[in-house]
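Whatever order the structure lists ligands and atoms in, that order sets their numbers, starting from 1. We number each residue from 1, following the sequence as shown.
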Amino acid sequence: MKIGIVCYPTFGGSGVVATELGKGLAKKGHQIHFITYQQPPRLDFFNENVFYHEVNIPAYPLFQYAPYESALASAMVNVVTNENVDLLHVHYAIPHASAAYMAKMILRSQGRNVPVVTTLHGTDITLVGKDESYAPVVTFSINESDGVTAVSENLRQDTYKHFNVHREIEVIPNFIDLSRFKRQQKEHFKKAICPNGEKLIVHTSNFRRVKRIDDAVMIFYHVQQQTPAKLLLVGDGPERARIERLVRDLGIYDQVRFLGKLDAVEEVLSVADLFLMPSENESFGLAGLEALACEVPLITTNVGGLPELNVQGVTGFLSNLGDVADMVKNALYILDDDHLPTFKENALARAKEFEISQILPLYEAHYERVLQAVQPLAL
Ligand code: GMT
């Protein structure tokens, strides 16, 4: 199959899911054409089945906001036409699903029927997408997609709740490549960060408000008062400066390190004892799955799709949003040397349920169904 994949070239979230999906499909012999405005960070290797097409967005003095959606739709039209792409798979509804609809209509006017699959990832539905500035376009483009998937049952339900969507949505969860995300021997790294055998706590995110990093810092603040610990914060984004200030104000700057946007996050997770995800909303929690794969138990909120990933008392604990005291209590329980080994074992066992080899066939089957349903154009 020849598949055009559209995504944001991000270090985490939908960008990573889309890139890993494309890589996995390419290894299985499909031809994958990535269409993005920048090379996705995990697209850093050569494979004969992988192609990259950059969206060109020309500047013009008239544009206060460059019309990215038009440039993207045009790129999709060109790639489909030149490369004979069978199907377009767009990740994150805004504005990819509506740009794909535009591309589909243009291609149809040229006598080519190319179906569009839209994968809903999270904030495209739960936060920004439902804002009335975008909602009509998001609703229309979901309804007009030929196939729609959501990364959790919770996100599927949220889509029906917030939008006038009347079509089938298939749940295909996020997945993990266990050959990359596995506990590696990085003891020298652990020694450098935790020279006195401290417990290592990690949070990774795009540093947006929805991640509630201040809760992560407060959990760590209370934990380290009762057990020696260090905190690694991986990622960057709008919250970074505020969080750095909070860490300084709490007087724990020496115990906290900001690592920025790390690509090899599995190396950090390999030496971690606990992962914090106190998010306000999380449709799935891919970063949490990456932690589980590296045998790191989770402290999360019980919002969104997190209960579909984190199993209470088995792979970690879930608390109500903002209940820092409960998260501290649970973190100390997990970090107890009598409990930690079991949680680590359970974490890996849970991650195995989301192994990429089990999830890719679900996408392939979804594509097959969508392609079979495409009506030939009347001549
Ligand atoms: O909002 C983000 O954090 C980024 C966003 C994205 O689409 O890039 O992440 C969402 O998609 C991920 C991949 O499917 C999910 O694992 C995340 O839970 C989800 N984030 C939120 O729902 C906040």
Enquirer: Check each of I172, T10, L286, T119 against V17 using the side-chain contact (heavy atoms from CB on, under 4.5 Å) test, and report the only one that passes.
Expert: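 Among I172, T10, L286, T119, the one that satisfies the side-chain contact (heavy atoms from CB on, under 4.5 Å) with V17 is L286.
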Enquirer: Side-chain heavy atoms under 4.5 angstrom apart, residues restricted to Ile, Leu, Val, Met, Phe, Trp, Tyr: same cluster for V374 and L87?
Expert: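 The answer is no; the residues belong to distinct hydrophobic clusters.
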Enquirer: Determine which pairs satisfy side chain to side chain donor-acceptor pair (under 3.5 Å) with at least one residue from residues 59-73, sequence neighbours left out, and list them in order.
Expert: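 Listed by first then second residue: E69-S98.
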Enquirer: Provide the full list of salt bridge (Lys or Arg N to Asp or Glu O under 4.0 Å) pairs with a residue in residues 225-234, sequence neighbours left out, each pair given once.
Expert: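 Counting only pairs at least two positions apart or across chains, no salt bridge (Lys or Arg N to Asp or Glu O under 4.0 Å) contact touches residues 225-234.
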Enquirer: Starting from the C-alpha separation in whole Å, work towards a yes-or-no answer on side-chain contact (heavy atoms from CB on, under 4.5 Å) for D263 and R42.
Expert: CA-CA 8 Å; D263 190 29; R42 292 211 188 164; 4.1 Å; yes
Enquirer: I'd like the residue list for ligand 1, meaning every protein residue with a non-hydrogen atom under 4.0 Å from the ligand.
Expert: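 Residues G13, S14, V17, Y92, H121, G122, T123, V151, N174, N206, R208, K211, N281, E282, S283, F284, G285, L286 each place a heavy atom under 4.0 Å from ligand 1, listed by chain and number.
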Enquirer: Only distances under 3.5 Å count here; give the side-chain donor-acceptor pairs of residues 305-316 to other protein atoms, sequence neighbours excluded, each with its distance to 0.1 Å.
Expert:
from : atom 1 : to   : atom 2 : distance (Å)
E308 : OE1    : E153 : N      : 2.9
E308 : OE2    : E153 : N      : 3.4
E308 : OE2    : N154 : N      : 2.9
N310 : OD1    : T315 : OG1    : 2.6
N310 : ND2    : T300 : OG1    : 3.1
N310 : ND2    : F317 : O      : 3.1
Q312 : OE1    : L318 : N      : 2.6
T315 : OG1    : V311 : N      : 2.7
T315 : OG1    : V311 : O      : 3.4

